[in-house]
Each structure stands twice: as structure tokens, then as C-alpha cells.
Colleague: 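Submitted below is the structure of interest, expressed as C-alpha cells.
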Amino acid sequence: MDEAEPLARGDRMDAATEVFVAHRNLLFTVAYEMLGSAADAEDVVQETWLRWVGVDLDTVRDQRAYLMRMATRQALDRLRTLSRRKESYVGPWLPEPLLTAPDVAEDVELADSVSMAMLLVLETLGPTERAVFVLREVFELPYDEIAEAVDKTPAAVRQIAHRARAHVAARRQSDMVSPAETRAALEAFQHAVETGDLQNLFDILSPDVVLLSDGGGVKQAVPRPVVGARKVARLLAVGLSRFGAEMSIKPVQINGCPGLIMRLNGEIDNVVAMRVEDGLVTGLYFVRNPEKLSRVEQETALSR
């Protein structure tokens, strides 16, 4: 065997690794926005790597777009499996929260796209619509590249993108919310927990606020959505009264937005995220399922 052959193969592997590492955070972000699950997104990244090492880099014109197409195909396959898992999920299903660095919040569009509220909106799209929306609206991939990723014509992708945009626009917040507004709402919540004074919290609940609690059948949680300020306030009054000095609260960045990590006797009990509109809390999200809390101990890097 020619001695140059293994060397050349090693050089190709080094080149493939270098390119993949440079795009890894991007690929994770694409997969996470499509799936809402960090564990499944990591699997997609790994599957993309295994396919990438077999690609002849000389034939790749746009490495970023090529890798995103590969990751999208893997995520679409996994999204269908995930949909079946959600059908048998106990209680409300919420996206897996991520502890994120300040730079994610600084990219306003990225922070909005990975926020708990937006991920819940994306859950109402079909798999192909979700992929098209994420690739076009968040990552600004050209229609022809998206078409290859979802196995549609560019014309069909344009129509899908139009429908997805309209669908999301009808369900998302009308205006970007400043971190300060969300932070103020979270401070009211933290004050209520720490002092037992719930009045400030009640004052910022929207009349049609929705509370979702995800325990996954492992931790106690509200089995279905709670709607309306009066019902949510009553539930919080009962729930928060159970916690005393054993509960500690830490303000953090969750999915690019202000959030809270609540610890009971030093162990993470739940993660709190909010949807705020016009200064009022319209969505209150509690993630308690321990299987979904592994990514709030260390920051997860996201990019676009």
C-alpha cells in the first residue's frame, strides 16, 4: 500500500473534523429548534457526524448548508419518533430547558427562536413546516437548499414557508419583549416564593394566563393546563406555601431569556420560564421532570 494513502486519509479526517467542530453549535441549535429536546438534538449531531466523515469534501460547495441539510434530515426522522413518544407522555410536555450564556440573549432573534414560548408555538407545526420555518426564518437558508433538505421543490418550499409564517404569526407574541420586562415578572415570582406575599405576582398575571407544569410522570405536576389568573393564582398560593427555607431560587438565562432555577434542599426541583406580553405574564412554565433538567447545570452554546 502506498504510504501516502493512509496519510491522505488522515488529512481528510482532520479536515472533516475541523469543519464539523466549527459548525457543531450551529447543528445542535438547528436540531434543538426542530425537536425541543437537547438529548435528541445531541443524537442528531452525532448521527450527522457519522455521515459527514464519509463525505468527499471536494464535492461540497457550501459546507454550512450541506451540514445543515444533513442535520435537518436526521432531525425530521427523529421528530416523527418524538411525536409518538409525546402521545404517551404523562401530563403536559414542555421543551427541555437550556442554561444559556449572555451572548445568546444579546442575539435577540436567536433568543426569541429558542425561547420556551416560541418552541411551544413551533410544536403546533407539522414536521416539514417546522423544518422549513426554522431553516428559513432563523437561519436564512436559501429556498433551494431547504428544498434539498426536506425533499420538496423550491416552489413547494416557498408555499410551505408562507403558511408556516402565517401560522406562527397568529400564535406568537406580537412584539419582542425586553429582558427587563421578563426579569421584573420573575422578580415578582421570586419575591412571592421567598416572602409568601403573592399580591405583586397576582398583579402581573394576564386574565387569560396559562400555566403548564411538566413532571413527566416522575415528579408531581399539574396534569393539564391551568387557564385564567384566578385559577393560576390559587394554584400558586397552595403550591408555594409548601416551600419554606429549604427552597432557594437563582435567576439565570434559560433559553436565551430570564428564568429561574429553584432548588429544594440543594437539589434542582424545577426550572421556571415565562411568556410576558404588555407587562403581563401570559404563560408560566414549570419543568420538573428530572430527565429534562440535565442541561441547566452548565451553559449550552447556541449559534446561527
Side-chain angles (χ1 to χ4, degrees), residues 32-33 35-38 86 89-100 104-105 111-124 168 171-173 177 179 181-190 192-193 198 201-202 204-229 231-240 243 247 249-264 268-296 300:
Y32 177 73
E33 291 203 23
L35 301 169
S37 164
K86 289 174 188 173
Y89 197 80
V90 179
W93 182 94
L94 286 173
E96 186 176 349
L98 305 177
L99 181 67
T100 50
V104 175
D112 177 64
S113 72
V114 297
S115 68
M116 196 72 74
M118 176 54 84
L119 290 175
L120 286 171
V121 172
L122 294 181
E123 282 292 311
T124 64
V168 170
R171 291 162 177 78
R172 74 185 302 178
Q173 296 167 218
V177 177
E181 281 187 279
T182 305
R183 199 171 294 113
L186 286 163
E187 286 172 357
F189 179 84
Q190 184 171 354
V193 176
L198 301 177
L201 179 60
F202 296 165
I204 60 169
L205 292 179
S206 168
D208 56 356
V209 61
V210 177
L211 181 148
L212 298 175
S213 180
D214 181 344
V218 180
K219 284 287 193 76
Q220 183 177 4
V222 183
R224 57 187 62 86
V226 179
V227 182
K231 291 181 180 179
V232 169
R234 188 161 55 240
L235 176 67
L236 290 174
V238 173
L240 297 179
F243 302 113
M247 179 66 76
I249 302 177
K250 180 181 179 181
V252 292
Q253 289 285 322
I254 296 294
N255 289 50
C257 304
L260 298 173
I261 293 178
M262 301 178 67
R263 295 178 184 270
L264 188 60
I268 295 179
D269 182 75
N270 67 73
V271 169
V272 183
M274 289 182 178
R275 173 172 172 162
V276 178
E277 297 182 69
D278 298 324
L280 296 177
V281 177
T282 58
L284 195 51
Y285 313 118
F286 293 82
V287 181
R288 300 198 69 209
N289 184 350
E291 295 179 1
K292 293 186 176 183
L293 299 178
S294 63
R295 302 297 290 246
V296 295
T300 296

Colleague: Please give me the minimum heavy-atom distance between Val218 and Pro290, naming the atom from each residue.
Modeller: CG1-CD, 3.8 Å
Colleague: Would a distance-only check, ignoring hydrogens and angles, find a side-chain to backbone donor-acceptor pair under 3.5 Å from Arg172 to Met118?
Modeller: no
Colleague: In a check of side chain to side chain contact (heavy atoms under 4.5 Å, CB included) between Arg171 and each of Val121, Leu122, Leu120, which one passes?
Modeller: Val121
Colleague: Nearest heavy-atom pair of Ser113 and Leu119: which atoms, and what distance?
Modeller: O-CD2, 4.0 Å
Colleague: Give, for atom CG of Leu99 and atom CZ of Arg295, the distance between the pair rounded to the nearest 0.5 Å.
Modeller: 10.5 Å
Colleague: Do other residues, nucleotides or ligands put more than 12 heavy atoms under 6.0 Å from the NZ atom of Lys86?
Modeller: yes
Colleague: Which heavy-atom pair separates Glu181 from Gly279 by the least distance, and what is that distance?
Modeller: OE2-N, 3.1 Å
Colleague: Asn289 versus Glu96: any side-chain heavy-atom pair under 4.5 Å?
Modeller: no
Colleague: Is Glu123 atom CD crowded by more than 12 heavy atoms from other residues, nucleotides or ligands, each under 6.0 Å away?
Modeller: yes
Colleague: Does the side chain of Lys219 come within less than 4.5 Å of Asn270's, by heavy atoms?
Modeller: no
Colleague: Nearest 0.5 angstrom please: Trp93 CH2 to Ser37 OG, how far?
Modeller: 7.0 Å
Colleague: With a 4.5 Å limit on heavy-atom distance, are the side chains of Val226 and Arg234 in contact?
Modeller: no
Colleague: Name every donor-acceptor pair, under 3.5 Å, that has one atom in a side chain of residues 251-262 and the other anywhere in the protein, sequence neighbours excluded.
Modeller:
| from | atom 1 | to | atom 2 | distance (Å) |
| --- | --- | --- | --- | --- |
| Asn255 | OD1 | Leu98 | N | 2.7 |
| Asn255 | ND2 | Tyr32 | OH | 2.8 |
| Asn255 | ND2 | Val114 | O | 2.8 |

Colleague: Which side-chain N or O atoms in residues 205-214 pair as donor and acceptor under 3.5 Å with protein atoms at least two apart or in another chain?
Modeller:
| from | atom 1 | to | atom 2 | distance (Å) |
| --- | --- | --- | --- | --- |
| Ser206 | OG | Asp208 | N | 3.4 |
| Ser206 | OG | Asp208 | OD1 | 2.5 |
| Asp214 | OD1 | Tyr89 | OH | 2.5 |
| Asp214 | OD1 | Gly216 | N | 3.2 |
| Asp214 | OD2 | Tyr89 | OH | 3.3 |
| Asp214 | OD2 | Leu94 | N | 2.9 |
| Asp214 | OD2 | Lys292 | NZ | 2.6 |

Colleague: Considering all heavy atoms of both residues, which atom of Pro97 and which atom of Leu293 are nearest to each other, and what is their separation?
Modeller: CG-CD2, 4.3 Å
Colleague: Among all residues two or more places apart in sequence or in another chain, which pass the salt bridge (Lys or Arg N to Asp or Glu O under 4.0 Å) test with Arg263?
Modeller: Glu297
Colleague: Would Phe189 and Leu236 count as a side-chain contact (heavy atoms from CB on, under 4.5 Å) here? Give the steps.
Modeller: CA-CA 10 Å; Phe189 179 84; Leu236 290 174; 4.2 Å; yes
